Amino acid sequence: MLWKEQYRIGVPLIDEQHKELFNRIENYVQVLRSNDCWENKIEIVNKTLDFMKDYVITHFTAEEAYQRKIGYPKYNEHKKIHDNMVEYVNSVSRQYEQEGYKEQLMQQLAGKLLAWLVNHVAAEDQRIADFAEGRDAAND
Amino acid sequence: MTDGIYKSFSAATCDVLKLMFNLEAESCKLDEMDSNLNDGIFIIIGLCGNLNGEVNFLISKNTAIKLIRILSGMDFDEIDDFVTSAIGEVGNIISGNALAKLFEQQIICDILPPQIKIDSLDLPKSQKVYRVCTEAGNIDFWVKI
């Protein structure tokens with residue numbers, strides 16, 4: 001399982017969404033790396049790719065709303081990181097369609113996305129939790 | 001300044017290995033390049049701004065496979081596009097982390113997307129090579145500016 005308890009940042013809404021995001025990426029990677037030949041799995045790879053992409057947007061939107069709600073000072077910086085990743089995924093997806101659904105691009109996308117997500121959740125998103133915790137402590 | 005640059009990349013490598021892989025890592029002495037290091041993955045990250053040049057990371061194939069196994073929880077026997085892309089992103093993350101440390105030293109620069117080469121880069125002759133050691137293997141790096 002890709003999700004690890006150590007990724008929990010202590011904000012229930014965000015933690016649940018992260019868990020779901022990891023599940024969707026894990027599902028995508030598992031389908032992509034299954035032993036079946038590429039031609040047989042293109043359809044399901046495409047479906048899981050769309051399923052995962054949808055949730056990336058859902059999660060980023062909700063997380064950004066939470067950041068605005070708590071007045072997170074690095075909101076613009078964090079949003080830019082999200083926007084860049086969405087742009088990257090969309091750009092690779094477009095290229096994938098235009099080039100006729102080649103496996104190599106999907107393997108590259110999955111590898112990068114996995115490493116990016118682990119770092120983003122473990123490092124960048126932890127800063128949101130640190131800020132929220134400091135803010136709550138100051139309000140007590 | 002060079003010492004500060006190396007320290008930044010070294011500390012960033014240790015931080016990222018701990019954060020992403022839960023691996024304890026430390027800078028260790030490298031007397032000479034291992035003869036088998038040609039059998040590795042080179043991650044080349046361009047630097048621009050106050051520093052112009054590139055940082056090169058060298059990771060043996062065995063270490064790369066171990067790292068991506070830890071990251072994904074999946075088994076890998078060989079270096080393929082998935083492993084190469086994931087390990088390239090790790091190099092990108094380390095470099096981004098190093099930039100923040102360089103910024104604290106008033107060195108402002110940016111990084112370019114990683115280029116990956118396998119078995120096809122000359123080992124450095126004049127640059128000093130630094131090594132970070134973990135139980136999963138070593139990451140060597142050098143900076144050309």
Side-chain angles (χ1 to χ4, degrees), chain A residues 1-9 22-35 38 41 45 49 74 77-78 80-81 84-85 87-89 91-92 95-96 99 102-127 129-130, chain B residues 11-24 41 43 45 57 59 61 63-101 103 110-116 118 136 139:
Chain A
M1 193 177 181
L2 280 183
W3 168 261
K4 295 183 177 73
E5 283 303 310
Q6 71 197 55
Y7 299 149
R8 207 172 272 286
I9 65 169
F22 272 87
N23 286 342
R24 295 207 187 194
I25 289 185
E26 181 168 23
N27 188 29
Y28 166 63
V29 172
Q30 277 174 349
V31 168
L32 188 64
R33 297 198 63 83
S34 63
N35 288 329
W38 179 243
K41 59 186 181 184
V45 164
L49 172 66
K74 291 188 173 172
E77 221 173 281
H78 200 107
K80 194 176 173 203
I81 296 172
N84 287 343
M85 181 42 76
E87 193 182 316
Y88 168 77
V89 172
S91 152
V92 172
Q95 192 185 347
Y96 173 63
E99 291 180 359
K102 303 265 175 61
E103 180 175 8
Q104 185 183 33
L105 262 182
M106 286 300 98
Q107 295 288 352
Q108 289 169 344
L109 172 66
K112 180 182 165 95
L113 199 56
L114 173 66
W116 182 90
L117 179 69
V118 169
N119 177 66
H120 187 72
V121 170
E124 298 297 335
D125 289 347
Q126 188 61 51
R127 294 189 184 110
D130 292 345
Chain B
T13 306
C14 293
D15 289 350
V16 169
L17 286 168
K18 178 65 184 168
L19 195 70
M20 292 181 69
F21 302 93
N22 205 21
L23 286 169
E24 297 298 335
I41 301 177
I43 307 165
I45 310 265
F57 296 96
I59 304 176
K61 290 178 182 172
T63 299
I65 286 174
K66 281 184 192 170
L67 290 176
I68 303 309
R69 273 186 195 151
I70 295 171
L71 197 67
S72 66
M74 295 175 186
D75 210 8
F76 297 90
D77 298 324
E78 57 181 12
I79 300 294
D80 59 16
D81 289 315
F82 181 94
V83 175
T84 307
S85 177
I87 210 74
E89 181 60 17
V90 172
N92 197 35
I93 291 164
I94 291 172
S95 302
N97 195 310
L99 291 195
K101 296 180 190 303
F103 184 78
D110 210 344
I111 50 174
L112 302 174
Q115 293 175 55
I116 309 292
I118 300 176
I139 297 181

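Values below: every heavy atom of this structure, side chains too, minus hydrogens, waters and symmetry copies. Every chain is numbered from 1, with letters handed out A, B, ... down the list of sequences. From a predicted model like this one, the values you see are computed outputs, not experimental measurements.
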Rounding to 0.5 Å, atoms CE (B/Met20) and OH (A/Tyr7) come to a distance of 7.5 Å
Distance from B/Asp81 atom CG to A/Met106 atom CE, nearest 0.5 Å? 11.5 Å
Looking only at A/Glu26, A/Glu103, A/Gln104, A/Gln126, the option with the highest number of non-hydrogen pairs under 4.5 Å against chain B is A/Gln104
Got a sec: does the NZ of A/Lys4 have more than 12 other heavy atoms crowding it under 6.0 Å? yes
Residue A/Glu5 excluded, over 12 heavy atoms near CD under 6.0 Å: yes
Pick one: which of B/Asn97, B/Ile93, B/Val90, B/Asn92 meets side chain to side chain contact (heavy atoms under 4.5 Å, CB included) with A/Asn119? B/Ile93
For chain A, which residues from residues 68-75 of chain B have at least one heavy atom closer than 4.5 Å to it? B/Ile70, B/Leu71, B/Ser72, B/Met74
Got a sec, which pairs hit salt bridge (charged side-chain N to carboxylate O under 4.0 Å, His left out) with one end in residues 14-23 of chain B, sequence neighbours left out? B/Asp15-B/Lys101, B/Lys18-B/Glu24
Search all heavy atoms of A/Gln6 against all heavy atoms of B/Leu19 and return the closest pair with its distance. NE2-O, 4.3 Å
Kindly give the heavy-atom pair with the smallest separation between B/Ser85 and A/Gly111, and that separation in Å. OG-C, 4.0 Å
Check this for me: does any side-chain nitrogen of one of A/Arg33 and B/Asp80 sit under 4.0 Å from a carboxylate oxygen of the other? yes
Taking only residues two or more places apart in sequence or in another chain, which ones pass ring-ring contact (aromatic ring centres under 6.0 Å, His included) with B/Phe82? B/Phe76
A/Tyr96: what forms a ring-ring contact (aromatic ring centres under 6.0 Å, His included) with it, not counting sequence neighbours? A/Tyr101
By a 4.5 Å heavy-atom criterion (distance strictly below it), what part of A/Gln30 contacts chain B: side chain, backbone, both, or neither? both
